[in-house]
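Supplied in structure tokens, the structure appears directly below.
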Amino acid sequence: MGQLIYTFTVEDTEEIIPKVKEDYGDKALIITNKQIRPKTINRKGLYEVMVAIEEADYKEHLKAMGKPMPSKTAKKPAPTHEAQKDEDVVLDLSSALKNRPQSQTNPPQSRPSFDDFKEKLSEVSSEITKVTGVNLPETDLNYNKKIEAFEKQINKLSDKMNLLVDMMWDEKAEARKNLIIPPEFASIYKQAKESGMLENHLEAIMKATIENMPASMKTNKEAVQRYFYSLLRNILPCRVEGELKKQKIMMLVGPTGVGKTTTLAKLAFRYAYGDKRYKTGIITLDTYRIGAVEQLFQYAKMMKLPIIDSIEPKDLDEAIKSLSSCEVILVDTIGNSQYDQSKLAKTKEFLTHANAEIDVNLVISANTKFEDLMEIYKNFSFLDIDTLIITKFDESKLFGNIFSLIYETNIPLSFFSVGQEVPDDLEVANSDFLVRCILEGFDRKNHG
């Protein structure tokens, strides 16, 4: 005796439970159900259901219903889902499963392992061949090659079972605006949702993926993942900085506590002592935080860089002129809350008085929730933000908030601060790195 797996189709989800109880009994387990044909005006939808049941329980149910036990060999596979309706496909794995612990025979509760199938492969290979429609190697091939070929078939089944497990997270369709998620998309959808990405952004991207992805790729889990990664990378703009052709003035703005001063010190070292060295100067407008100003002066002294403090807006233009020999000028601004309109207005006044082209970079922390990031952006946006600098990667576990901010604003990224070490923990913004953080989390060993 062992476990049997059956599939059947229905036109309405309300038919699933009554059909399972009638055809397989109360002890049958519904592994999954998925829509394989959407409902239209002219025809009903179609849902494919997979159930598992112990052979002994199934025989007992059939006996009670006065029905004979169906053949364990699958009928000829039908070419379409419509032709499969009301025809059960049976894959009998009882001979391979009978020696396995009971805890491993229930697909939804644990990730199936098929290593112990090797000794039983010859017993189930004919069933696998008929269900998958794949011709296995002839019997006169080398035994190891046959084992390898059989394992490939088993791995395909394993992948399908893993997809079924991934689908256990599924929510009611109404909560997802009736967006139908194919099983091959379940894993990547789950990863993206758990990242903290805004729900409507995820729904829009998933809808675009499902509609635009080539049909030949949709049934391959790995292909779906690669396509989704590529789509996210294309949504995240990064500003590529080439060799400087003229003087560059970067002003860092943002709320208190995001690490503006430390980030500026990292940038100063990068420009002054990087692969391409530029004569670099620093201007600080932050006279409110004495400690931060002293820290910046210490950094400038260690790096042997000129630094000027500019107290009034009218002084900024004079400070820029005094650093006219510098190829790069970095400007540290007043640290303030995004709600402190008077200090924000003073920062704007500094910009207005400058007779130079200034690149305004909004510095935000990765560990800030999306609603607050949007509030910060809205309150600083009147400064005409050119790029975003993201800090504190090492203090965050979820990065979907950053994705949703960029999705909403379309402001390009310029730099990532991935740790607290000056000058090492600074990276040029990279969309591939950010996508990996969003879907896999930040790994300090693999940053950059």
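Counting from 1, the numbers follow the sequence of the chain as shown.
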Exercise. Report yes if some heavy atom in the side chain of Met250 is under 4.5 Å from a heavy atom in the side chain of Phe415; otherwise report no.
Key: yes
Quiz item: Which pair of heavy atoms, one from Leu232 and one from Val435, lies closest together, and at what distance?
Solution: CB-CG2, 3.8 Å
Quiz prompt | Qualifying residue for side-chain contact (heavy atoms from CB on, under 4.5 Å) with Leu252, from Leu264, Asp359, Leu362 | solution = Leu264
Quiz item: Listed by chain and number, what are the side-chain hydrogen bond (donor to acceptor under 3.5 Å, both in side chains) partners of Ser404, not counting sequence neighbours?
Solution: His201
Quiz item: Looking at side-chain heavy atoms only, is the closest gap between Lys348 and Phe380 below 4.5 Å?
Solution: no
Self-check item: Which atom of Ala265 lies closest to which atom of Val422, heavy atoms considered
Solution: CB-CG1, 4.0 Å
Quiz item: Do you know the tightest heavy-atom contact between Ser417 and Lys266?
Solution: OG-NZ, 2.7 Å
Self-check item: Parallel, tilted or perpendicular, as decided by the 30° and 60° cut-offs, for the rings of Phe403 and Tyr407
Solution: tilted
Exercise. Flag the pair Ile406 / Pro237 as yes when at least one side-chain heavy-atom distance between them is below 4.5 Å, and no otherwise.
Key: yes
Quiz item: Taking it one step at a time, do Val331 and Leu285 satisfy side-chain contact (heavy atoms from CB on, under 4.5 Å)?
Solution: CA-CA 7 Å; Val331 183; Leu285 311 182; 3.8 Å; yes
Quiz item: Is a donor on one side and an acceptor on the other found under 3.5 Å between the side chain of Arg37 and the backbone of Lys44?
Solution: yes
Self-check item: Beyond-backbone contact of Ser431 with Cys238, side-chain heavy atoms, under 4.5 angstrom
Solution: yes
Self-check item: Residues which pass salt bridge (charged side-chain N to carboxylate O under 4.0 Å, His left out) with Arg226, listed by chain and number, not counting sequence neighbours
Solution: none
Quiz item: Do Glu357 and Ile249 touch side chain to side chain, with heavy atoms closer than 4.5 Å?
Solution: no
Practice problem: Search all heavy atoms of Leu62 against all heavy atoms of Pro68 and return the closest pair with its distance. | Solution: CD1-O, 3.7 Å
Exercise. Decide yes or no on side-chain contact (heavy atoms from CB on, under 4.5 Å) for Ile5 and Val51, but give the supporting numbers first.
Key: CA-CA 6 Å; Ile5 296 176; Val51 298; over 6 Å; no
Self-check item: Between Glu440 and Tyr229: side-chain donor-acceptor atoms closer than 3.5 Å
Solution: yes
Quiz item: For atom CD1 of Ile17, is the number of surrounding heavy atoms from other residues, nucleotides or ligands below 6.0 Å larger than 12?
Solution: no
Quiz item: Would a 4.5 Å heavy-atom cut-off, applied to side chains only, mark Asn410 and Ile235 as touching?
Solution: no
Quiz item: So do the side chains of Thr391 and Ile364 get within less than 4.5 Å of each other, counting heavy atoms only?
Solution: no
Exercise. Quick one: sort the Phe442 and Phe433 rings into parallel, tilted or perpendicular, breaks at 30° and 60°.
Key: perpendicular
Quiz prompt | Contact summary for Val360 and Asp384, nearest pair of heavy atoms | solution = CB-O, 3.8 Å
Quiz item: Judged by atom type as modelled, is there a donor-acceptor pair below 3.5 Å linking the side chain of Lys260 to the main-chain atoms of Val363?
Solution: no
Exercise. For the residue pair Glu194 and Tyr189, confirm or rule out a side-chain donor-acceptor distance under 3.5 Å.
Key: no
Quiz item: Taking the six-membered ring of Phe8, is NZ or CZ of Lys19 closer than 6.0 Å to its centre and within 45° of its axis?
Solution: yes
Quiz item: Has the side chain of Asp425 got a donor or acceptor atom that lies under 3.5 Å from a matching backbone atom of Glu421?
Solution: yes
Quiz item: Listed by chain and number, what are the salt bridge (charged side-chain N to carboxylate O under 4.0 Å, His left out) partners of Lys27, not counting sequence neighbours?
Solution: Asp57
Quiz item: Residues two or more places apart in sequence or in another chain: which of them pass side-chain hydrogen bond (donor to acceptor under 3.5 Å, both in side chains) with Lys248?
Solution: Glu241
Practice problem: Give the minimum heavy-atom separation between Lys392 and Ser365, together with the two atoms involved. | Solution: CD-OG, 3.5 Å
Practice problem: Just jot down the salt bridge (charged side-chain N to carboxylate O under 4.0 Å, His left out) partners of Asp26, sequence neighbours excluded, or say none. | Solution: none
Self-check item: Side-chain touch Asp23/Lys67, heavy atoms, less than 4.5 angstrom
Solution: yes
Self-check item: Expected output: side-chain Asn401 to main-chain Ala366 donor-acceptor under 3.5 Å
Solution: yes
Quiz item: With under 30° as parallel and over 60° as perpendicular, where do the rings of Tyr24 and Tyr6 fit, or are they tilted in between?
Solution: tilted
Quiz item: Quick one: ring-ring contact (aromatic ring centres under 6.0 Å, His included) partners of Phe399, sequence neighbours excluded?
Solution: Phe393
